[in-house]
Amino acid sequence: MGSSKQVLRVGLTCAVDGLLLTETVLVFQTQSSSGQGRYAGPVDCALRLYREKGVRGVYRGTVLTLIRDVPSNGVYFLTYEVLKHQLTPDGESVHRLSTPRVLLAGGVAGLLNWLIALPADVLKSNYQTAPDGRYRGLRDVLRVLLRDEGAAGLYKGLSAVMLRAFPANAACFLGFELALKGLHHLAPDWPASVQPSEAPNQQMELQKLSRAGSSTRMLFYS
Ligand SMILES: CC(=O)O[C@H](CC(=O)[O-])C[N+](C)(C)C
């Protein structure tokens, strides 16, 4: 694992990936579930939002998306890495963590992600799906929600979100680990597959590598 700060930084910057389609997806999902059928599909939805409201229309709610995703993504990846290391028995490599432990670390990371993300997610959804002119700005979305529903409104849908969060993110991280193992299998000498920061396991790995006669990989440990 990189340092906690590195993992946190990766998580925080990953938040930007979700910005591109957030408004389009939500507007399209809302009309689909209401059965109104105003848009033929997500692309049609994006194009019409753009034509009717310009770039601002497509990116409405971006600030709230960032408020949701930046802290929660940081905590998400950090929690996963920290838990993986804590769940690794002494003397064993974190890369050989058993499937149930990977699932546990991923599931808990998902729960914490949503515990932090949900209030901003509720505000973002209210803002993005409201008719034009309903809110005077982001603060107004919070004011109206607190007035109408109280603080509990910020955690609307918590149980459903949590029920989904554990299995979805457990499976997501298991898929990630399996993909990583597959790639490592295909390209064992690829530099990025070597973990120079694994100090406790370094000696053991070095012995294994020298037995296998792999001088290329040993270079990365020196
Ligand atoms: C807010 C969100 O989309 O959370 C993701 C996890 C999930 O349950 O969908 C996390 N991440 C955006 C890092 C994939």
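Only a predicted model underlies this, so the values are computations on that prediction, with no experimental measurement involved. Both counts, for ligands and for their atoms, begin at 1 and track the order of listing.
Each of the following atoms of ligand 1 lies closer than 4.0 Å to a heavy atom of N73: 11 (N), 12 (C), 13 (C). In the vicinity of N169, heavy-atom distances shorter than 4.0 Å reach the ligand 1 atoms 6 (C), 7 (C), 8 (O).
Among the atoms of W114, some N or O lies under 3.5 angstrom from an N or O of ligand 1. For R164, a nitrogen or oxygen atom sits less than 3.5 Å from a nitrogen or oxygen atom of ligand 1, counting backbone and side chain alike. Considering backbone and side-chain atoms alike, D69 places every N or O at 3.5 Å or more from each N or O of ligand 1.
Under the 30°/60° scheme for interplanar angles, the aromatic rings of F173 and F77 are found to stand perpendicular.
Other residues, nucleotides and ligands place no more than 12 heavy atoms under 6.0 Å from the OH atom of Y50.
Between Y80 and V108, the closest side-chain pair of non-hydrogen atoms is not below 4.5 Å.
Using a 4.0 Å cut-off between heavy atoms, D121 makes no contact with ligand 1 at all.
Each of V70, L115, L112 was compared with V75 under the side chain to side chain contact (heavy atoms under 4.5 Å, CB included) criterion, and only L112 meets it.
Hydrophobic clustering of Ile, Leu, Val, Met, Phe, Trp and Tyr side chains at less than 4.5 Å, counting indirect connections, keeps L178 apart from L183.
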